[in-house]
Amino acid sequence: MQAAPLSSSRAQRGMQPAALCSSSARVTGVRRPSVSGARALLSLRPRLTVPGLALGSRRVAAHAAPEMGTDPEGQRMLDEGQARCIVITSGKGGVGKTTSSANLGMSIARLGYRVALIDADIGLRNLDLLLGLENRIMYTAIDVLEGECRLDQALLRDKRWKNLSLLPMSRNRQRYNVTYSHMDAIVSSIAALGYQFILIDCPAGIDIGFINAVSPAREAVVVTTPEITSIRDADRVAGLLEANGITDVKLLVNRVRPEMIERNDMMSVKDVQEMLGIPLLGAIPEDEQVIISTNRGEPLVLQKKLSLSGIAYENAARRLVGTEDYFVAEAGGGEGKEGGLFGKLSGMFN
């Protein structure tokens with residue numbers, strides 16, 4: 001594969017790879033949420049209704065989370081035939097990046113778009129397991145870079161939805177010095193094949209793996225949980241993305257437990273969003289079906305009877321595409337039963 005004629009998204013944005021790992025890359029005047037401040041939210045939640053309250057690095061109105069609705073820029077790119085490259089990141093490991101990548105990608109594919117998933121975690125890939133494609137991997141992106149195969153040979157098509165493909169970066173036994181220019185070339189080549197959405201599953205941390213994963217992206221989804229450690233890492237990552245040209249950032253709050261929120265033992269989705277100041281894409285409740293679906297190699301959104309988390313992922317995918325402008329909890333407001341399907345989620349946003 002000849003990488004020279006391929007356009008580099010990093011060059012277009014003027015991003016500097018070294019800045020991603022530098023503490024000086026932080027936007028001037030931005031403050032990270034303190035651990036003590038996060039803990040105080042559990043006892044000071046009534047005060048969160050003060051208009052214009054600034055709890056974190058980006059000041060937002062406290063009375064409501066920013067609405068996503070339609071995405072004019074994203075829709076314009078699709079109308080012009082440009083691929084939307086979105087990196088799924090968090091900073092902290094174990095918050096659900098890979099699960100979110102698999103379910104968001106599958107949901108977008110079910111809406112009729114051509115979707116390519118890139119597992120950017122070299123040596124510790126797991127995205128193939130969640131999609132049930134682990135036994136079909138013959139070639140990887142490393143083989144493409146070395147000229148051992150064509151890109152279309154390395155892209156694995158899902159048997160259930162032919163418009164969804166997976167590109168693993170490498171086999172577990174391989175070690176390869178992948179650079180951000182390699183990632184730019186791979187994404188540009190995938191876009192040239194006609195894919196409309198390219199989702200990159202970013203490895204944990206903010207080292208070279210993070211730099212490579214965010215290099216070709218123009219949008220980002222930051223995944224976090226309502227825990228102070230995860231929130232602090234998410235804020236750090238959001239600042240790095242913003243300082244390096246990725247300003248279209250959305251927040252996905254995972255593993256939310258409404259019963260703990262009601263007891264003031266867990267921060268609500270609104271608390272987390274106000275601390276980070278990132279537009280809210282959606283909230284995924286804690287669900288045992290996640291473990292079951294992972295072991296079966298089948299994303300949650302493919303279940304015949306969707307669980308709460310499956311519905312939440314579907315809704316988040318629709319809002320990411322720009323065809324949905326409400327949350328799961330709001331969609332079931334007419335049910336009016338505390339124990340109803342959507343009633344269980346109503347407390348997550350309070």
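Positions are given from 1, in the same order as the sequence printed here.
A continuous path of hydrophobic side-chain contacts links Ile108 to Ile88 [ILVMFWY only; heavy atoms under 4.5 Å]. Residues Ile231 and Met260 are members of one and the same hydrophobic cluster, defined by side-chain heavy-atom contacts under 4.5 angstrom among Ile, Leu, Val, Met, Phe, Trp and Tyr. Cluster annotation: Leu130 is not connected to Val290 through the hydrophobic network of ILVMFWY side chains, with a link wherever side-chain heavy atoms come within less than 4.5 Å. Under the 4.5 Å side-chain heavy-atom criterion for grouping Ile, Leu, Val, Met, Phe, Trp and Tyr, Leu320 is connected to Tyr113 within one hydrophobic cluster. One hydrophobic cluster, built from ILVMFWY side chains closer than 4.5 Å, cannot hold both Ile292 and Tyr313; they sit in different ones.
Residues satisfying the side chain to side chain donor-acceptor pair (under 3.5 Å) test with Thr179, not counting sequence neighbours, are Ser181, His182. With sequence neighbours left out, Asp287 forms a salt bridge (Lys or Arg N to Asp or Glu O under 4.0 Å) with no residue at all. Ser107 is linked by a side chain to side chain donor-acceptor pair (under 3.5 Å) to nothing, counting only residues two or more places apart in sequence or in another chain. Not counting sequence neighbours, Glu134 has no partner by the salt bridge (Lys or Arg N to Asp or Glu O under 4.0 Å) test. By the salt bridge (Lys or Arg N to Asp or Glu O under 4.0 Å) test, Arg296 is found to be paired with no residue, residues two or more places apart in sequence or in another chain being considered.
Two residues are said to be in side-chain contact when any heavy atoms from C-beta on lie closer than 4.5 Å; Phe210 and Leu241 meet this criterion. Side chains of Asn254 and Thr99 form no contact here, defined as non-hydrogen atoms less than 4.5 Å apart. Counting only heavy atoms from C-beta outward, the side chains of Pro168 and Asp128 never approach each other to under 4.5 Å. Contact of the Asp158 side chain with the Met106 side chain is registered, since non-hydrogen atoms from C-beta on lie closer than 4.5 Å. Looking only at side-chain heavy atoms (C-beta outward), Pro226 and Val253 come within less than 4.5 Å of each other. Between Leu300 and Gln289, the closest side-chain pair of non-hydrogen atoms falls below 4.5 Å. Put simply, the side chain of Glu259 reaches to within 4.5 Å of the side chain of Arg263, judged on heavy atoms.
Applying the salt bridge (Lys or Arg N to Asp or Glu O under 4.0 Å) rule to pairs touching residues 99-115 yields Arg110-Glu314, sequence neighbours excluded.
The shortest heavy-atom contact between Arg125 and Ile137 is NH1-CD1, 3.2 Å. Among all heavy-atom pairs drawn from Val144 and Leu151, the shortest one is CG2-CA, 3.9 Å.
Formation of a donor-acceptor pair under 3.5 Å by the Asn163 side chain with backbone atoms of Ala109 is found in this model. With hydrogens and angles disregarded, no donor-acceptor distance shorter than 3.5 Å links the side chain of Asn315 to the backbone of Ile311. For Thr225 (side chain) and Val95 (main-chain N/O), no donor-acceptor pair under 3.5 Å exists by modelled atom type. Judged by distance alone, the side chain of Asp201 and the main-chain N or O of Ser101 form no donor-acceptor pair under 3.5 Å. Using a distance-only test at 3.5 Å, with no hydrogens or angles considered, a donor-acceptor pair links the side chain of Arg319 to the main chain of Leu281.
With no hydrogens or angles considered, no side-chain donor-acceptor pair links Ser170 and Thr140 at under 3.5 Å. There is no side-chain donor-acceptor pair under 3.5 Å between Lys92 and Ser230.
Checked for salt-bridge contact, Lys250 and Glu219 meet the test: a charged N lies under 4.0 Å from a carboxylate O.
Residue Arg136 qualifies as enclosed at atom CZ: its count of foreign heavy atoms under 6.0 Å is above 12.
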